[in-house]
Amino acid sequence: MTMIKIERLTKRFKSVAALDGVSLSLSGGQIFGLLGPNGAGKTTLLRIIATLLKPDQGAVFLDGLDVQVQALAVRQRLGLVNAGMGVYERLSGRENLYFFAELYGVKKSRADARIAQLSAELCIGAWIDQPAGGYSTGMKQKIVIARAVLHEPPVLILDEASNGLDVLARRALMDFAINYRALGKLVIYSTHVMAEAQTLCDHAAILHMGRVIANDSVANLRASTPNGTLEEAFFAITQQASQRDFESSNQGT
């Protein structure tokens, strides 16, 4: 079932086209990789999906809801994790989660059950009642992940969420994404680490200068290169796109 439909999305920042006619269809029960170099438009696209930014043209529908028109209902159906999110350091991890449960409108009894479940899944029980100011980066990120899915959203966005994490914390994040997919949810995994995307993702779109230059299963992308890696496919596809852009710009001069 299509969970997110993106139609001819365009967003400009002055003279720069961050997104240039992007169209995608994302289904539940998969980890969808959003790949691209810095400045490709990944975060801009995710911010529009998350109702944090408005496009200049085009539309996005999440679970049939127009993200521009029905923003509040959309927010109730998604969770967002990125590398820059923090926690309230004077509160314990549990208090952080209760605070966000109230924002999501999750009742106390349900919040108790979800916190207990996520505590076990993310292995945070040993320190969840300690002040968050003493947490490591990985511990804080686990609280951020937990609060993003307290309300069990059908869509989870992980935007460069592994940045700055050590090996164990990164593995915990990846395991959680796999388990969340198994529940029939859509996980959007935005990253520039091709090894992570190859391990996790079922399908991937590659963005380059605001345009989708590839959109296929990870298996097909890997099969398109001699050594069968997603990294090699990524390099080949982006280099071809850069060459086309170079030739096009020269023809116009």
Side-chain angles (χ1 to χ4, degrees), residues 3-4 28 31-32 34 43 46-53 62-63 65 67 71-166 168-191 200:
M3 182 57 64
I4 294 180
I31 301 177
F32 188 97
L34 192 60
T43 295
L46 294 179
R47 284 174 61 83
I48 291 174
I49 293 172
T51 77
L52 301 175
L53 190 66
L62 189 151
D63 202 14
L65 301 171
V67 302
L72 181 58
V74 167
R75 290 171 195 155
Q76 293 172 342
R77 288 166 171 78
L78 63 81
L80 174 64
V81 177
N82 64 41
M85 286 181 164
V87 297
Y88 294 111
E89 298 193 348
R90 294 186 178 182
L91 302 179
S92 69
R94 189 184 303 275
E95 289 168 338
N96 269 274
L97 296 180
Y98 276 130
F99 176 77
F100 277 88
E102 288 189 23
L103 292 181
Y104 289 133
V106 179
K107 293 182 178 180
K108 177 67 164 52
S109 59
R110 184 55 186 158
D112 288 339
R114 284 293 289 156
I115 291 171
Q117 179 184 3
L118 291 166
S119 179
E121 290 179 4
L122 292 166
C123 300
I124 61 179
W127 43 265
I128 191 173
D129 292 306
Q130 298 173 12
Y135 290 176
S136 68
T137 300
M139 292 162 74
K140 290 177 180 177
Q141 189 72 324
K142 285 186 176 183
I143 295 297
V144 169
I145 294 167
R147 80 187 189 200
V149 296
L150 271 171
H151 55 312
E152 301 179 86
V155 178
L156 174 61
I157 296 174
L158 301 174
D159 183 14
E160 304 286 1
S162 67
N163 282 6
L165 299 184
D166 62 26
L168 293 178
R170 182 179 290 110
R171 183 71 258 178
L173 172 69
M174 295 170 70
D175 288 344
F176 187 85
I178 291 169
N179 292 335
Y180 208 65
R181 172 186 60 189
L183 299 174
K185 313 290 189 178
L186 168 62
V187 180
I188 304 176
Y189 199 86
S190 172
T191 184
L200 283 179

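Scanning both residues, G138 and A169, for their nearest heavy atoms gives CA-CB, 3.9 Å. For the pair G93 and I143, the tightest heavy-atom approach, listed with the atom from each and the gap, is CA-CD1, 3.8 Å. Contact record, A101 with A111: CB-CB, 3.8 Å, taken as the closest heavy-atom pair. Nearest heavy atoms, I4 versus I49: CD1-CG2, 4.0 Å. Listed here is the closest heavy atom pair of L122 and A146: CD1-CB, 3.8 Å.
Considering only heavy atoms from C-beta on, Q141 comes within 4.5 Å of V144 through its side chain. Contact check for Y135 versus K142: no side-chain heavy atoms found under the 4.5 Å cut-off. Between N82 and E160 there is no side-chain heavy-atom pair separated by less than 4.5 Å. Side-chain contact between L65 and R77: present, with at least one pair of heavy atoms (C-beta onward) separated by less than 4.5 Å. Put simply, the side chain of M3 reaches to within 4.5 Å of the side chain of P154, judged on heavy atoms. In this structure, the side chains of L158 and L80 stay at 4.5 Å or more apart for every pair of heavy atoms. Using a 4.5 Å cut-off on side-chain heavy atoms (C-beta onward), R181 and I178 make contact. For the pair R171/L165, no side-chain contact is recorded, criterion being any heavy-atom separation below 4.5 Å from C-beta on.
Here the CG-CG distance, from L118 to L97, works out to 7.5 Å after rounding to the nearest 0.5 Å. To the nearest 0.5 Å, the span separating CH2 on W127 from OG on S136 amounts to 7.0 Å. With rounding to the nearest 0.5 Å, the separation of CG in D129 from CG in L91 is 12.0 Å. The CG atom of L173 sits 6.5 Å away from atom OG of S162, with the distance rounded to the nearest 0.5 Å. The CG atom of L34 sits 7.5 Å away from the CD1 atom of I188 when rounded to the nearest 0.5 Å. Distance check, rounded to the nearest 0.5 Å: CZ of R94 to CG of D112 gives 8.0 Å.
Classified by interplanar angle (parallel below 30°, tilted 30° to 60°, perpendicular above 60°), the ring pair Y104/H151 is parallel.
Residue Y98 places its OH atom among more than 12 non-hydrogen atoms of other residues, nucleotides or ligands, all under 6.0 Å distant. In E102, the CD atom is not crowded: 12 or fewer heavy atoms of neighbouring residues, nucleotides or ligands sit closer than 6.0 Å.
The ring pair (Phe, Tyr, Trp, His ring centres under 6.0 Å) search around F100 returns none, not counting sequence neighbours.
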message: Please evaluate residues L156 and L78 with respect to the criterion side chain to side chain contact (heavy atoms under 4.5 Å, CB included), reporting the C-alpha separation (whole Å), side-chain torsions for both, the decisive distance (0.1 Å), and the verdict.
response: CA-CA 6 Å; L156 174 61; L78 63 81; over 6 Å; no
message: side chain to side chain contact (heavy atoms under 4.5 Å, CB included) for V81 and I157? Distances and angles first, verdict last.
response: CA-CA 6 Å; V81 177; I157 296 174; over 6 Å; no
CA sep, side-chain torsions, deciding dist, call: I115, L150, side chain to side chain contact (heavy atoms under 4.5 Å, CB included): CA-CA 7 Å; I115 291 171; L150 271 171; 3.9 Å; yes
- prompt: Between E89 and K140, is a side chain to side chain contact (heavy atoms under 4.5 Å, CB included) present by the stated rule, with each step listed?
  reply: CA-CA 9 Å; E89 298 193 348; K140 290 177 180 177; 2.8 Å; yes
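A salt bridge links R110 with E152: the distance from a Lys NZ or Arg NE/NH1/NH2 to an Asp or Glu carboxylate oxygen falls below 4.0 Å. Using a 4.0 Å cut-off between charged nitrogen and carboxylate oxygen, D166 and R170 do not count as a salt-bridge pair.
Side chains of D159 and Y189: no donor on one and acceptor on the other come within 3.5 Å.
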